[in-house]
Colleague: 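Encoded as structure tokens, here's the structure I'll be asking about.
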Amino acid sequence: MNILVIGAGYVGLTMAVCFSELGHSVICIDKQKNKINALLKGKLTIFEKNLDKLLIKNLKSKRLEFDISMKNVVNADVVMISVGTPFDDSLNRYEQNAIYCVAKNITKFINKYTIIVIKSTVEVGTCDRVEQIIKEANPKADFDVVSIPEFLREGSAVYDFFNPDRIIVGTESQHAKDVIKKLYKPFKKKKFVFTSRCSSELIKCASNSFLAMKIHFINEMADFCEKVGGNVYDVAHGMGLDKRIGVEFLKTGPGYGGGCFPKDTKALASLGKRVGANFNLIEAVICGNENRIKSFATKTLSFVENIKNAKIAFLGLAFKSGTDDCRFSPAIDIVLHLINKGTKVCVYDPAATKNARSVLKTKVSYAKNEYEAAKDADIMVFATEWKQFRSLDWAKLSKIVNSKIIFDMRNIVDRQEALKYGFECYKTGC
């Protein structure tokens, strides 16, 4: 099939590459010429495990192309819209102008039956609005608008694409259903969940909001464990063995972040208020997550409050490991709190330093590795769970730090190993 993907961000680019790997002919377009030129040369514009090899492979096979022109709609059987829908705090809802702009721009190029798939996370009723825009501009257009929310996790997006838990399809058109089944032919039929567009639009937002609640719950449990002497590792393990709960998203940390959880919780809570169905739990999670970030910053400062001109080695800036995404990263927010207090901070992240610079600018110093960051540091803070932070040379670190204090926000440091070299290691919930 001929597929056109509009938007070469985390979701759009991953989908384009992976659909071409399935044998489809895919063109991915984006308005950023520099990004398209880099991709045409086989250079990834995001950090995503295993995506680079598939990109180069499918470029060589000619199944994958990149362009900037909407004219490519002409030959497409399926057009997938995957543009950004950030949360607008002033409007208290998703900013969806990009979606509607795309709808207007593709209308004149629809010359045969075409399925318009909304992949972006959107508010309820967005598919209806897109359909209306196209019909008004081109009454003779033969098309269906379908909602197929994407559930790719940054850091494991390629694996998730080829191993989906479910494929949600929001449409009541039998023709569209048949085409979508063909599009996803390699996947088992039991993976499909066909529903209305309204329900499909809600499923993505509801799923992310529920997972955010799960994260915040275990974070609050970690705080409780510290007060009463419990161990959040054991509590989370014991809870996770219950099949009704599961082990995922029960790892404590400085709070949730990224491009989905923060905006989706806010969007759902806002939508609830507008229709008179309040989400009290979600509102509590939003507030609690914001407070947790502030409390972790305060706790970090407490370790060095009596040290003059203290230096903090801050390790990890991405909102989680496996990605270079710093959007709404708790780590970034904590660093901002620290520097606002006049504290000297040296940061390091294996993948996210470039993106972090756009926010932190020259307010911090940047290290080339964890050891350079730790030199003369009065405290080492671990804020992202990168694997390389789990196997550090503690003998080397013990010789270059100023004070042997560790604040392990992600519980990844081998405390017993660190203790051998005289470090004090403070963890979360244990």
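If you're wondering where the values come from, they're calculated on a predicted model, not measured in any experiment.
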Colleague: Checking Tyr184 now: which residues fulfil ring-ring contact (aromatic ring centres under 6.0 Å, His included) with it, not counting sequence neighbours?
Modeller: Phe19, Phe187
Colleague: Quick one: which of Ile99, Ile116, Val102 gives a side-chain contact (heavy atoms from CB on, under 4.5 Å) with Ile6?
Modeller: Val102
Colleague: What orientation do Phe261 and Tyr256 show, parallel under 30°, tilted 30 to 60°, or perpendicular over 60°?
Modeller: perpendicular
Colleague: If you measure only the distance, is there a donor-acceptor pair under 3.5 Å linking the side chains of Glu95 and Asn97?
Modeller: yes
Colleague: side-chain contact (heavy atoms from CB on, under 4.5 Å) for Ile27 and Ile3? Distances and angles first, verdict last.
Modeller: CA-CA 6 Å; Ile27 300 177; Ile3 302 173; over 6 Å; no
Colleague: Charged N to carboxylate O below 4.0 Å: is that the case for Glu226 and Lys299?
Modeller: yes
Colleague: If you round to the nearest 0.5 Å, how far is CG of Leu315 from CD of Glu370?
Modeller: 7.0 Å
Colleague: When rounded to the nearest 0.5 angstrom, what is the spacing between CG in Leu211 and CZ in Phe249?
Modeller: 4.5 Å
Colleague: Does a side-chain N-to-carboxylate-O contact under 4.0 Å join Glu21 and Lys57?
Modeller: yes
Colleague: Are the side chain of Ser120 and the backbone N or O of Val83 linked by a donor-acceptor pair below 3.5 Å?
Modeller: yes
Colleague: Under 6.0 Å between ring centres: does that hold for Phe382 and Phe407?
Modeller: no
Colleague: Ion pair present between Lys311 and Asp378, side-chain N to carboxylate O less than 4.0 angstrom?
Modeller: no
Colleague: For Lys420, which residues count as a side chain to side chain donor-acceptor pair (under 3.5 Å) partner, sequence neighbours excluded?
Modeller: Glu417
Colleague: List for me each residue that meets side chain to side chain contact (heavy atoms under 4.5 Å, CB included) alongside Lys273, sequence neighbours excluded, and say none if there are none.
Modeller: Asn278, Glu283
Colleague: Is the NZ or CZ atom of Lys181 both under 6.0 Å from the centre of the six-membered ring of Phe192 and within 45° of that ring's axis?
Modeller: no
